There are 2 protein chains.
Amino acid sequence: MSKVETTSFEDCLQGLIKSLEASSYEDAVLQISGLHPGEVARLLEAVPPKNRTELWNRIDSSTQGDILIEFSDDVQVQLLLEMDVESIVKATEGMDMDDLADIVPNLPESALHNLLLTLDHKHRDHLKQVLSYDEDSAGGLMNTDIITVRSDVSVSTVIRYLRLLKEMPVDTDQVFVVDRSFNYVGSVHISTLLTNEADQNILPLINLDSAKPILATTPEKKVANLFEQRNLISAPVIDENNQLIGRITIDDVVDVIRDEAEHSVMSMAGLDEEDDVFAPVMEITKRRSIWLGVNLVTAFIAVFFIGIFKATIEQKVALAILMPVVASMGGVAGTQTLILVTRGIATGRITISNLKLLLTKEVAVGFLNGFFWAAVVALVTYVWFEDVTLSLVISLAIIANLLIAAFSGALLPLILVRMKIDPALAGGVILTTITDVIGFVAFLGLASLAI
Amino acid sequence: MSKVETTSFEDCLQGLIKSLEASSYEDAVLQISGLHPGEVARLLEAVPPKNRTELWNRIDSSTQGDILIEFSDDVQVQLLLEMDVESIVKATEGMDMDDLADIVPNLPESALHNLLLTLDHKHRDHLKQVLSYDEDSAGGLMNTDIITVRSDVSVSTVIRYLRLLKEMPVDTDQVFVVDRSFNYVGSVHISTLLTNEADQNILPLINLDSAKPILATTPEKKVANLFEQRNLISAPVIDENNQLIGRITIDDVVDVIRDEAEHSVMSMAGLDEEDDVFAPVMEITKRRSIWLGVNLVTAFIAVFFIGIFKATIEQKVALAILMPVVASMGGVAGTQTLILVTRGIATGRITISNLKLLLTKEVAVGFLNGFFWAAVVALVTYVWFEDVTLSLVISLAIIANLLIAAFSGALLPLILVRMKIDPALAGGVILTTITDVIGFVAFLGLASLAI
């Protein structure tokens with residue numbers, strides 16, 4: 001009766017690109033119809049903007065809304081610009097308030113105005129509430145479509161009420177119990193409603209443990225960690241007065257987890273995970289350019305220090321040949337510590353309380369590995385250049401650089417976090433500048449003394 | 001009635017470390033009691049192994065099981081070694097089959113034997129089934145605790161059946177419909193059971209769309225993408241004969257997503273996300289050492305090429321001073337493309353079908369940025385060394401290196417994937433070796449011709 005997953009995403013994409021190359025858009029639309037909005041979004045992101053727009057204009061506006069919310073920011077803005085006010089309003093009809101809130105900042109003024117007119121008083125209030133919280137907080141992440149019941153009713157009353165509703169919001173795994181003034185009391189899992197007798201009272205079924213409410217101002221990263229550590233499907237959100245104002249569902253949390261992880265990889269190369277991979281060449285060039293510029297500055301800082309030892313290098317060119325080895329060993333070792341600590345901070349494993357212990361370990365590891373690899377490099381250097389002084393100098397420089405690398409790699413992320421700078425973005429650049437400078441100065445400086 | 005989340009994870013960790021430093025283990029155990037197993041696991045991972053073991057031995061074995069499954073591999077193995085057979089058997093009692101299957105490979109022989117004896121025939125079969133699939137496949141990820149019904153019954157019959165069960169397995173959002181021979185037919189969302197009338201027949205309520213079954217041999221990355229794109233909470237798993245054999249739940253998928261993301265960051269520095277951050281210093285040193293060794297080899301490959309141009313550098317030491325700039329610009333630009341493509345492949349946005357387009361874009365970006373920054377570097381070089389030839393040579397070398405960098409960054413991940421090598425692990429090392437060599441050879445080679 002049901003069909004197994006057989007056609008893979010790659011096959012879909014290949015078929016789609018073939019149709020687009022042949023300009024048979026009807027064929028292309030046919031191929032993506034019936035797919036889940038998330039899959040359509042992924043496919044559209046994987047084709048060039050020109051084709052993307054052509055295809056987008058052929059998709060029914062009633063389904064455009066579900067697809068819109070699945071796009072990365074860059075592509076969402078791009079496609080919203082292609083739509084007229086009427087289609088935007090139609091596409092956003094019936095959207096969850098958290099999804100709508102995500103789109104609102106990208107909407108043209110006129111579309112926003114018309115959109116607000118279509119909402120009834122209650123929904124407008126809900127939207128305003130979601131928008132009043134930071135986009136990256138629990139409040140910005142929440143849906144407002146919650147089912148609430150009182151604590152003094154029976155299972156059968158609740159079921160009767162649910163049958164009247166005819167349908168529950170997507171991903172409803174619990175109904176929330178509130179008091180007369182909408183203060184949050186607790187939650188009842190809907191499976192509990194199904195496994196208990198009809199005349200059972202709700203009060204003892206209330207789950208106090210797993211459904212602790214989340215304050216609307218909680219940062220989304222903390223929300224994600226809570227969901228992950230407690231294996232939650234949904235969680236109630238309250239305001240500072242303990243009023244129940246919404247719920248967060250796992251699908252939105254999965255997006256947070258994925259985005260956060262994606263961000264930490266991409267920003268290591270100065271990339272933005274929300275950028276369109278197929279944006280116009282000039283656009284991409286400009287975006288990448290900044291990162292190259294920053295790195296150029298750091299490269300010139302490092303080579304400025306080489307310049308200081310020009311006379312020493314003139315005396316012994318072998319120094320010039322070997323100096324990248326010292327810098328690179330420091331960079332590699334330091335990056336290991338840096339990434340470890342940066343990820344540890346992000347996942348909560350490393351905080352200021354266990355940093356001292358970690359720092360000691362990392363420095364010890366840096367020293368041991370420095371010692372070992374310094375010996376190896378000294379040997380290779382001796383075989384290559386038959387120069388004992390040079391071998392000695394390079395091994396001392398490597399030990400020094402690996403020690404500094406461990407220190408910097410462990411402390412830098414915490415200092416950056418304190419300064420409210422993203423360590424995933426800035427950490428690598430600063431660290432390799434440090435290890436380059438230390439590597440060059442230690443090696444060439446020691447050489448200038450010894451030679 | 002219920003308490004808001006107030007004490008943060010950092011506070012918990014700080015308190016815990018304070019107690020541990022004062023060796024008041026009773027205090028420490030008190031602090032972690034009442035926390036979710038996932039939180040306890042995170043806390044234990046954040047303290048040194050010595051304290052961890054002390055604390056672990058004081059935790060009741062009935063709750064140890066839930067905590068065990070939340071650990072990273074390294075820590076799990078470590079703590080299992082500390083436990084006697086009896087505690088292991090007690091801790092693993094009543095565990096989900098997928099969780100048990102994860103622990104089995106880490107168990108000592110004797111514990112495994114005793115554990116199997118405690119399982120009844122049915123559960124032993126289930127465990128065998130889960131273990132028969134690859135750990136990283138849908139089959140290895142599935143639970144076997146499914147609720148099944150027939151298609152010819154009414155809502156009230158199903159509810160009566162559920163009431164007899166008294167309790168549903170965790171994260172049950174749907175019951176599965178099977179035929180007489182346990183072939184998968186479809187699923188019914190439990191919220192549907194609550195919102196429909198008691199005499200309603202099940203058949204028309206079957207959800208054919210969102211509950212397409214997943215084949216047990218599907219790789220877990222694909223499962224994660226499916227869950228993400230379709231916002232699933234759970235999904236049925238079938239074998240090759242369409243027999244329903246289990247279900248995958250979102251909590252396990254969240255772990256897959258997090259692990260995959262964590263892996264892609266950590267492996268960029270040759271780290272393993274399953275490693276204990278606080279492992280003994282010698283252990284960590286050994287693990288890191290391999291990566292440093294690999295990088296040392298590549299560093300020597302790069303400087304070997306500098307060595308070829310020893311005579312040229314002797315003539316003009318400015319070359320030695322500036323050559324890291326050329327290499328570094330290529331490395332930075334190439335890494336941007338590399339990370340973009342590696343992540344694109346992992347998330348499915350980039351496949352062989354749209355690679356040609358991407359390659360063209362990236363090379364164009366490389367050329368434009370190469371041209372622009374080459375001009376900047378040429379200017380700085382001229383101001384510093386007042387040497388037109390040097391300025392010209394360095395700008396040509398930068399353009400060449402950025403072009404090669406874009407090419408390599410785009411093609412390398414796909415080549416590595418074809419060769420079944422993890423591009424996140426090997427990509428960066430290979431790429432920077434290429435850009436270092438090209439940078440040095442282009443710069444020094446052109447200089448040797450021009451000077």
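In what follows, every chain begins at residue 1, and chains take the letters A, B, ... in the order their sequences are listed. A quick note: this is a predicted structure, and the numbers were derived from the prediction, not measured.
B/I17 touches chain A through its side chain: at least one heavy atom from C-beta onward sits under 4.5 Å away, while N, CA, C and O do not. For a residue to count as touching a neighbouring chain, one of its non-hydrogen atoms must lie under 4.5 Å from one of that chain's; by this rule B/S191 touches chain A with backbone and side chain alike. For B/V170, no part lies under 4.5 angstrom from a heavy atom of chain A. For B/N196, the part lying under 4.5 angstrom from a heavy atom of chain A is the backbone only. For chain B, the nearby parts of A/L340 are the backbone and the side chain; heavy atoms of each come within less than 4.5 Å. At a 4.5 Å heavy-atom cutoff, the contact between B/I233 and chain A is made by side-chain atoms alone. With a threshold of 4.5 angstrom between heavy atoms, B/K222 approaches chain A through side-chain atoms but not through N, CA, C or O. When heavy atoms are compared at a cutoff of 4.5 Å, A/F367 does not approach chain B at all. Heavy-atom distances place the side chain of A/V376, and not its backbone, under 4.5 Å from chain B. Looking at B/L402, only its side chain comes within 4.5 Å of chain A, counting heavy atoms on both sides. Residue B/E45 touches chain A through its side chain alone, counting heavy-atom pairs closer than 4.5 Å. Residue B/F309 does not touch chain A at all, counting heavy-atom pairs closer than 4.5 Å. With a 4.5 angstrom heavy-atom cutoff, B/A198 touches chain A via backbone and side-chain atoms both. Heavy-atom distances place no part of B/F227 under 4.5 Å from chain A, backbone and side chain included. Contact of B/E70 with chain A is made through the side chain alone, with heavy-atom distances under 4.5 Å.
Among B/I284, B/V365, B/V380, the residue with the largest count of heavy-atom pairs under 4.5 Å with chain A is B/V365. Chain A forms more heavy-atom pairs under 4.5 Å with one residue of B/I313, B/L165, B/L296 than with any other, namely B/L296. No other option in B/V317, B/N369, B/L162 has as many heavy-atom pairs under 4.5 Å with chain A as B/N369. Among the candidates A/A302, A/G293, A/S264, A/A327, the residue making the largest number of heavy-atom pairs closer than 4.5 Å to chain B is A/G293. In terms of heavy-atom pairs under 4.5 Å with chain A, the best-connected choice from B/D251, B/I306, B/V303 is B/V303. With chain B as the partner, the residue from A/L319, A/V254, A/L271 showing the most heavy-atom pairs under 4.5 Å is A/L271. Here A/R258 is the residue among A/M282, A/K18, A/R258 with the most heavy-atom pairs under 4.5 Å with chain B. Contact tally against chain B (heavy-atom pairs below 4.5 Å) for A/A364, A/P324, A/G331: the top residue is A/P324. The greatest number of non-hydrogen atom pairs below 4.5 Å with chain B, out of A/T351, A/D275, A/T218, A/T360, is found for A/T351. Ranked by non-hydrogen atom pairs under 4.5 Å with chain B, the options A/A46, A/A41, A/A261 are led by A/A46. Most heavy-atom pairs under 4.5 Å with chain A, from the set B/L43, B/D171, B/T192: that is B/D171. Per-residue counts of heavy-atom pairs under 4.5 Å with chain A were compared for B/T335, B/I257, B/L292; the largest is that of B/L292.
By the 4.5 Å heavy-atom criterion applied to side chains, B/K361 and A/V277 are not counted as neighbours. Residues A/L35 and B/Q229 fail the side-chain proximity criterion, which asks for heavy atoms closer than 4.5 Å. Proximity of A/T195 to B/K166: side-chain heavy atoms (C-beta onward) are nowhere separated by under 4.5 Å. Looking only at side-chain heavy atoms (C-beta outward), A/F300 and B/V377 come within less than 4.5 Å of each other. For the pair B/V332 and A/V429, the minimum side-chain heavy-atom distance is 4.5 Å or more.
Here B/I352 contributes atom CD1 and A/Q14 contributes atom CD; the two are 9.5 Å apart, rounded to the nearest 0.5 Å. Rounded to the nearest 0.5 Å, atoms CD1 (A/I190) and CE (B/M168) are 7.5 Å apart. Atom CZ of residue A/R287 and atom CD of residue B/Q336 lie 12.0 Å apart, to the nearest 0.5 angstrom. If you take CZ on A/F372 and OG1 on B/T285, they are separated by 11.0 Å, rounding to the nearest 0.5 Å. To the nearest 0.5 Å, the span separating CD on B/E228 from NE2 on A/H36 amounts to 11.5 Å. Distance check, rounded to the nearest 0.5 Å: CG of B/L358 to CZ of A/F278 gives 5.0 Å.
Proximity of a side-chain donor or acceptor of A/N354 to a complementary backbone N or O of B/V47 within less than 3.5 Å is not detected.
Looking at residues two or more places apart in sequence or on another chain, you find no salt bridge (charged side-chain N to carboxylate O under 4.0 Å, His left out) involving A/E273.
Across all non-hydrogen atoms, the minimal contact from A/R343 to B/V265 is CD-CG1, 3.8 Å. Minimum heavy-atom separation, B/R349 to A/L13: O-CD2, 4.3 Å. Residues A/I321 and B/G307 come closest through the heavy atom pair CD1-CA, 3.7 Å. Shortest non-hydrogen contact noted between B/S289 and A/W373 is OG-NE1, 3.1 Å.
Between B/R288 and A/E362, at least one side-chain nitrogen of the basic residue sits less than 4.0 Å from a carboxylate oxygen of the acidic one, meeting the salt-bridge criterion.
A 6.0 Å sphere centred on CD of B/E10 holds more than 12 heavy atoms belonging to other residues, nucleotides or ligands.
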